[in-house]
Amino acid sequence: MADSGVEAMLVSAIDNVRWLTGFSGSSGYAIVTPDKATFITDSRYDEAAREQVRDLDVEIYKAPQTLADVLVASANEMGADKLWFEAEHVSVATMNAWKAKFNGIALEPAEDLVDPLRMVKTPDEIAIIRRACGVTDACLEHVSRMLQVGVTEYDICLDIEFFIRRQGAAIAFPPIVVSGPRSARPHGEPSERKLQEGDFVTMDLGAQVDGYNSDITRTVVIGEPTERHKQVWNAVLEAQTAAIDMIRPGVKAVDVDALSREVLDKYDLARFFGHGLGHGLGSVVHDVGGLNTRSKDIIAEGQIWTVEPGVYIPGFGGVRIEDDVAVSADGCEILTRAPKRMNPV
């Protein structure tokens, strides 16, 4: 804030509010000045907010009060005659509604101040994400017994969800389980399709522990893999391995993505890789930062990235192999440890 000339900041993006305050609810705001900070939410979260938000004053509003009423009152109490807001996260309609209420308080758009801070994790944050990765590693080992002819995608998905919840974790996102030709859908939804001999089966899952997430993908072949199965699967693994080996402080994210595509291009498979190589991971599954063709990010110590090249061939099937890595001083640590093997066991 000091470097940007921001004297009073209204943080409204819920992901940023959670990261700043520890609040786990769905609606919350924070007003921050150099010497004071106030957290604001509605009466649904009265007890939760007072329990979770320890480092800010807590203001609760309820009908007939509105959010704008309490934002104005809090800003006035803090002596703010100008309030900067998160330009990338506030709609024009919301801004206009605030302006109609904020008499005497000027509203100014601010560059994104919180997102860059979220990119570099503390040792405590990394430790929690490592625990979340441990849950998904164990889950993949648990469901491997189900990867056989006749079992449905949906049943595997249910078992994944049940296992993660039984460990006391939350589901980071709805698991993806797709098989056979459906495995060519990067974000396909599980169906009642039964696994068949010769299927690729892709499972993408994540656990949330203490507000932080893991994200892992494994693809296996049911039965004896063909030469085509082996070529595609091994090419994806080679692309992922090369990318992970390249990740270290100072490297451009776009170059890591490009390397994975170069590897796949050797096998004429890069044309089947349509998404980015990876994304930041933290209190949000798709956290700040990207390993993709448009990224301007520079790899730095303390960042956590997913590395997930994929090849998706219509009518045949797809392979994605994904791990979570924490950037260290001279390279990176792979946090997800589930075996990468072509056959389930």
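We use all heavy atoms of the structure for the numbers below, so side chains are in, but hydrogens, waters and symmetry mates are not.
- Listed here is the closest heavy atom pair of A49 and I60: CB-CD1, 4.3 Å.
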Mind listing the side-chain donor-acceptor pairs of residues 78-90 below 3.5 Å, one per line with the distance, residues two or more places apart or on another chain?
from, atom 1, to, atom 2, distance (Å)
E86, OE1, S12, N, 2.7
E86, OE1, A13, N, 2.8
E86, OE2, N16, ND2, 2.7

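- Both I31 and W98 belong to a single network of hydrophobic side chains, linked directly or stepwise wherever heavy atoms of I, L, V, M, F, W or Y lie under 4.5 Å apart.
- When the shell of 6.0 Å around NZ of K194 is examined, it contains 12 or fewer heavy atoms from other residues, nucleotides or ligands.
- The closest donor-acceptor contact from the side chain of R320 to the backbone of P186 lies under 3.5 Å.
- M9 places none of its side-chain heavy atoms less than 4.5 Å from the side chain of V114.
- By the 6.0 Å contact criterion, OH on Y154 is open, its count of non-hydrogen atoms from other residues, nucleotides or ligands being 12 or less.
- Inter-residue side-chain proximity for Y267 and V232 is flagged as unmet; no heavy-atom pair is nearer than 4.5 Å.
- Residues satisfying the salt bridge (charged side-chain N to carboxylate O under 4.0 Å, His left out) criterion with D55, sequence neighbours excluded, are absent altogether.
- Between the side chain of H279 and the backbone N or O of V285 there is at least one donor-acceptor pair closer than 3.5 Å.
- The closest donor-acceptor contact from the side chain of S260 to the backbone of Q240 lies at 3.5 Å or more, if one exists at all.
- Transitive grouping of hydrophobic side chains (ILVMFWY, heavy atoms separated by less than 4.5 Å) brings I222 and V151 into a common cluster.
- Residues L56 and I14 share a single hydrophobic cluster, defined by chaining ILVMFWY side chains whose heavy atoms lie under 4.5 Å apart.
- Rounding to the nearest 0.5 angstrom, the gap separating the CG atom in L291 from the CG atom in L277 is 5.0 Å.
- In this structure, the side chains of P344 and Q148 stay at 4.5 Å or more apart for every pair of heavy atoms.
- What you find for D159 and M146 is that their closest heavy atoms are OD2-SD, 3.1 Å.
- Applying the salt bridge (Lys or Arg N to Asp or Glu O under 4.0 Å) definition to pairs two or more places apart or across chains, those involving residues 269-297 are R118-D287, K121-D287, D268-R271.
- The salt bridge (Lys or Arg N to Asp or Glu O under 4.0 Å) pairs that include a residue from residues 206-233 are R131-D210, R218-D323, E227-K230, where partners are two or more places apart or lie in different chains.
- In this structure, CG in L281 is found 6.0 Å from CD1 in I304, a value given to the nearest 0.5 Å.
- At a threshold of 4.5 Å between non-hydrogen side-chain atoms, the residues I40 and S74 count as touching.
- Side-chain heavy atoms closer than 4.5 Å link hydrophobic residues (I, L, V, M, F, W, Y) into clusters, and following such links, possibly through other members, connects F102 to Y29.
- Between the side chain of Q167 and the backbone N or O of F163 there is at least one donor-acceptor pair closer than 3.5 Å.
- Across all their heavy atoms, Q303 and I298 have their closest contact at NE2-O, 3.3 Å.
- Judged purely by atom type and a 3.5 angstrom limit, S179 has no side-chain atom pairing as donor or acceptor with the backbone of V201.
- In this structure, I313 CD1 and L269 CG are separated by 5.5 Å, a value rounded to the nearest 0.5 Å.
- Between T33 and A8, the closest heavy-atom pair is CG2-CB, 3.9 Å.
- A ring-centre distance under 6.0 Å is found for Y312 and H275.
- To the nearest 0.5 angstrom, Q65 atom CD is 8.5 Å from E59 atom CD.
- Within the structure, salt bridge (Lys or Arg N to Asp or Glu O under 4.0 Å) contacts touching residues 166-190 (residues at least two apart or in different chains) are E153-R182.
- Taking the six-membered ring where the residue is Trp, F39 and F23 present tilted rings, their angle falling between 30° and 60°.
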Practice problem: Assess whether side chain to side chain donor-acceptor pair (under 3.5 Å) is satisfied between S24 and Y45, documenting all intermediate values. | Solution: CA-CA 9 Å; S24 65; Y45 298 111; over 6 Å; no

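- Side chain of N76 to backbone of V72: a donor-acceptor contact under 3.5 angstrom is found.
- In this structure, the side chain of W233 does not engage the main chain of F200 through any donor-acceptor pair within 3.5 Å.
- A salt bridge is absent between D265 and R261; no separation between the charged side-chain nitrogens and carboxylate oxygens falls under 4.0 Å.
- Residues L195 and V149 are not in side-chain contact: their nearest non-hydrogen atoms beyond the backbone lie 4.5 Å or more apart.
- Atom CD of Q231 and atom OG1 of T226 lie 9.5 Å apart (nearest 0.5 Å).
- Remark: side-chain polar atoms of R193 are not paired, donor with acceptor, to backbone N or O of P190 under 3.5 angstrom.
- A chain of hydrophobic side-chain contacts below 4.5 Å, direct or via other Ile, Leu, Val, Met, Phe, Trp or Tyr residues, connects L113 to L20.
- By the salt bridge (charged side-chain N to carboxylate O under 4.0 Å, His left out) test, D112 is found to be paired with no residue, residues two or more places apart in sequence or in another chain being considered.
- V209 approaches A169 most closely through the heavy-atom pair CG2-CB, 4.0 Å.
- In this structure, S214 contributes its side chain and A132 its backbone to a donor-acceptor pair below 3.5 Å.
- More than 12 heavy atoms of other residues, nucleotides or ligands sit less than 6.0 Å from atom NZ of K36.
- Annotation for V254 and S295: closest pair CB-O, 3.7 Å, computed over non-hydrogen atoms.
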**Message:** Go through it in stages, so that I can follow the logic: the residues are V288 and L117, the test is side chain to side chain contact (heavy atoms under 4.5 Å, CB included), and I'd like the CA-CA distance, side-chain angles, deciding distance and then a yes or no.
**Reply:** CA-CA 9 Å; V288 185; L117 301 178; over 6 Å; no

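- R54 contributes atom CZ, which lies 12.0 Å from atom OG1 of T21 (distance to the nearest 0.5 angstrom).
- With Q208 as reference, N213 is the one residue of V135, I171, N213, I164 to meet the side-chain contact (heavy atoms from CB on, under 4.5 Å) rule.
- A donor-acceptor pair under 3.5 Å is formed between the side chain of T336 and the backbone N or O of D324.
- Within the 4.5 Å cutoff, the side chain of L205 has heavy atoms near those of the I216 side chain.
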